[in-house]
Protein chains: 2
Amino acid sequence: MTVEETRCRRAMDRIGLLLARHGGISNARLRQALEATGLTTRQGMTLMHLAETGPIGQQALMEAIGVDASALVAILNDLERDNLVERRRDPADRRRHIVLLTEAGTEVLTGVDTAMTAVERELLAHLTPAEVATLHDLLTRINTSAHDEACAGS
Amino acid sequence: MTVEETRCRRAMDRIGLLLARHGGISNARLRQALEATGLTTRQGMTLMHLAETGPIGQQALMEAIGVDASALVAILNDLERDNLVERRRDPADRRRHIVLLTEAGTEVLTGVDTAMTAVERELLAHLTPAEVATLHDLLTRINTSAHDEACAGS
DNA sequence: TATTGTTATACTCTATAACTATA
DNA sequence: TATAGTTATAGAGTATAACAATA
């Protein structure tokens with residue numbers, strides 16, 4: 001297509017930059033909303049995942065929430081210190097730690113959910129429900145996995 | 001199935017979390033792609049804005065790229081050290097610094113643009129051009145400004 | 001040797017408050 | 001006093017490599 005030369009599109013037409021910026025804003029809002037629960041965004045997200053999956057090994061949990069091993073350790077250390085999760089050795093493979101929600105962790109979850117709902121309501125205030133659904137669909141289809149196709153060049 | 005009660009939607013149905021995560025990924029990819037230019041994402045973004053707006057005060061630049069004053073100072077210090085931008089006192093109001101691209105900064109810009117294009121091509125590999133346009137539109141309409149409506153509570 | 005989880009480290013981004021110099 | 005810019009500092013997120021225990 002004709003378009004202008006590929007060179008130098010306006011900065012905020014750059015979807016990469018838009019995503020980075022909105023991600024930062026979402027993160028900041030979530031953190032603020034979660035302050036009442038004493039959790040960070042990633043801690044809240046981790047609790048939500050545990051509630052969905054039930055007891056799970058750290059490897060699987062890592063993939064589910066998209067952080068690396070050392071980051072997950074830090075998250076779980078904090079959560080375990082506050083008795084929101086518990087790590088148990090897997091008797092079948094003593095290298096593995098099975099992570100599970102405690103009763104206290106389950107209770108905190110309600111507050112997390114409320115906070116996230118409030119943040120979303122605000123972020124998406126100008127969008128219709130149909131648009132929100134579209135946005136959700138498009139976001140999940142963004143290529144998140146490691147570099148595979150396209151631009152594989154060098 | 002009958003869905004569960006509204007409480008506790010699946011974590012990755014949370015748009016706030018999706019945005020935060022994809023933002024982080026975009027940022028990481030951009031950083032990696034910009035490594036060749038020796039710039040961080042925000043430095044690259046700053047150069048792009050300067051190219052669009054021309055000479056501009058730091059207050060205006062802050063708003064344009066969405067970082068706060070102290071963050072901008074750090075960005076500009078690095079860029080100025082590398083002679084990519086220049087700060088000049090505004091003779092009309094000696095408190096103000098007018099920021100502008102140097103010739104070297106303009107040259108680097110081409111590499112920044114190429115890197116960003118490559119990253120986007122990869123992130124958006126599974127979307128049609130129409131979907132990309134929709135995504136762009138929806139992202140720009142997310143409520144980025146300070147808390148006004150909804151959840152204003154305390 | 002490979003895998004699971006841990007520790008240590010460092011860099012980026014973000015947020016806040018205190019400071020300066022001008023107005 | 002108010003504003004433009006600066007400095008300092010701290011917390012959160014991310015990335016990497018080295019390590020221990022177990023398989």
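A, B, ... follow the sequence lines: proteins, then strands. Residue 1 opens every chain.
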Check: Does B:R94 come within less than 4.0 Å of B:D90, counting only side-chain N to carboxylate O?
Finding: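 So B:R94 does not pair with B:D90 through a salt bridge.
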Notebook entry, point to check: Is the shortest side-chain N to carboxylate O distance from B:D78 to B:R42 below 4.0 Å?
Noted result: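 Looking at B:R42 together with B:D78, the answer is no, because their closest N to O distance does not fall below 4.0 Å.
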Would you name the heavy atoms of [X] and [Y] that are closest together and state the gap between them?
X: A:L100; Y: A:P55; answer: CB-CG, 4.0 Å
X: A:L123; Y: A:R29; answer: CD2-NH1, 3.7 Å
X: A:L109; Y: A:A51; answer: CD2-CB, 3.2 Å

Notebook entry, point to check: Want to settle it: does B:G66 or A:G57 sit nearer the 5' end of DNA chain C, counting the closest nucleotide to each?
Noted result: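 Per heavy-atom nearest nucleotide, the more 5' residue is A:G57.
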Item checked: Residue mapping more 5' on DNA chain C - nearest nucleotide basis, A:M62 or A:R31 ->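 Whichever sits nearer the 5' end wins; that is A:M62.
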Nearest-angstrom distance from the residue atom [atom1] of [X] to [atom2] of [N]:
X: A:R96; N: C:dT3; atom1: CZ; atom2: P; answer: 14 Å
X: B:Q59; N: D:dA2; atom1: CD; atom2: C1'; answer: 12 Å
X: B:E35; N: D:dT16; atom1: CD; atom2: P; answer: 9 Å
X: A:R94; N: D:dA23; atom1: CZ; atom2: P; answer: 7 Å
X: A:R88; N: C:dG5; atom1: CZ; atom2: P; answer: 16 Å
X: B:H97; N: D:dA4; atom1: NE2; atom2: P; answer: 13 Å
X: A:L72; N: D:dA15; atom1: CG; atom2: P; answer: 14 Å
X: B:R29; N: D:dA15; atom1: CZ; atom2: C1'; answer: 14 Å

Notebook entry, point to check: With a 4.0 Å cut-off on heavy atoms, is A:R87 in touch with a base, just the backbone sugar-phosphate, or nothing at all?
Noted result: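 Since only primed, P, OP1 and OP2 atoms lie under 4.0 Å of A:R87, the category is sugar-phosphate.
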Next item on the list: Check every strand shown and say whether B:R42 touches a base, only sugar-phosphate, or nothing at a heavy-atom separation below 4.0 Å.
Entry: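 Base contact.
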Are OP1 or OP2 of [N] and a side-chain N or O of [X] less than 4.0 angstrom apart?
X: A:Q43; N: D:dA12; value: no
X: B:N77; N: D:dG5; value: no
X: B:Q32; N: D:dA15; value: no

Margin query: At less than 3.5 Å, do the side-chain atoms of A:R95 and the base atoms of C:dT3 form a donor-acceptor pair?
Written below: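 Counting by modelled atom types and ignoring angles, a donor-acceptor contact under 3.5 Å is found here.
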Next item on the list: Classify the side chain of B:S70 versus the base of C:dT14 as yes if they form a donor-acceptor pair under 3.5 Å and no if they do not.
Entry: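 Answer no: no donor N or O sits under 3.5 Å from an acceptor.
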Notebook entry, point to check: Do A:T102 side-chain atoms and A:N83 backbone N/O form a donor-acceptor pair below 3.5 Å?
Noted result: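 Yes; judged by distance alone, with no hydrogens or angles, the pair exists.
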Margin query: Need the bend value for the helix from C:dT1-D:dA23 to C:dA23-D:dT1: angle between end axes, 5 pairs each end, nearest 10°.
Written below: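 End axes: 20° apart.
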Notebook entry, point to check: A:R21 pairs by side-chain contact (heavy atoms from CB on, under 4.5 Å) with which of A:I25, A:L17, A:L18, A:L19?
Noted result: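 Single pass found, and it is A:I25.
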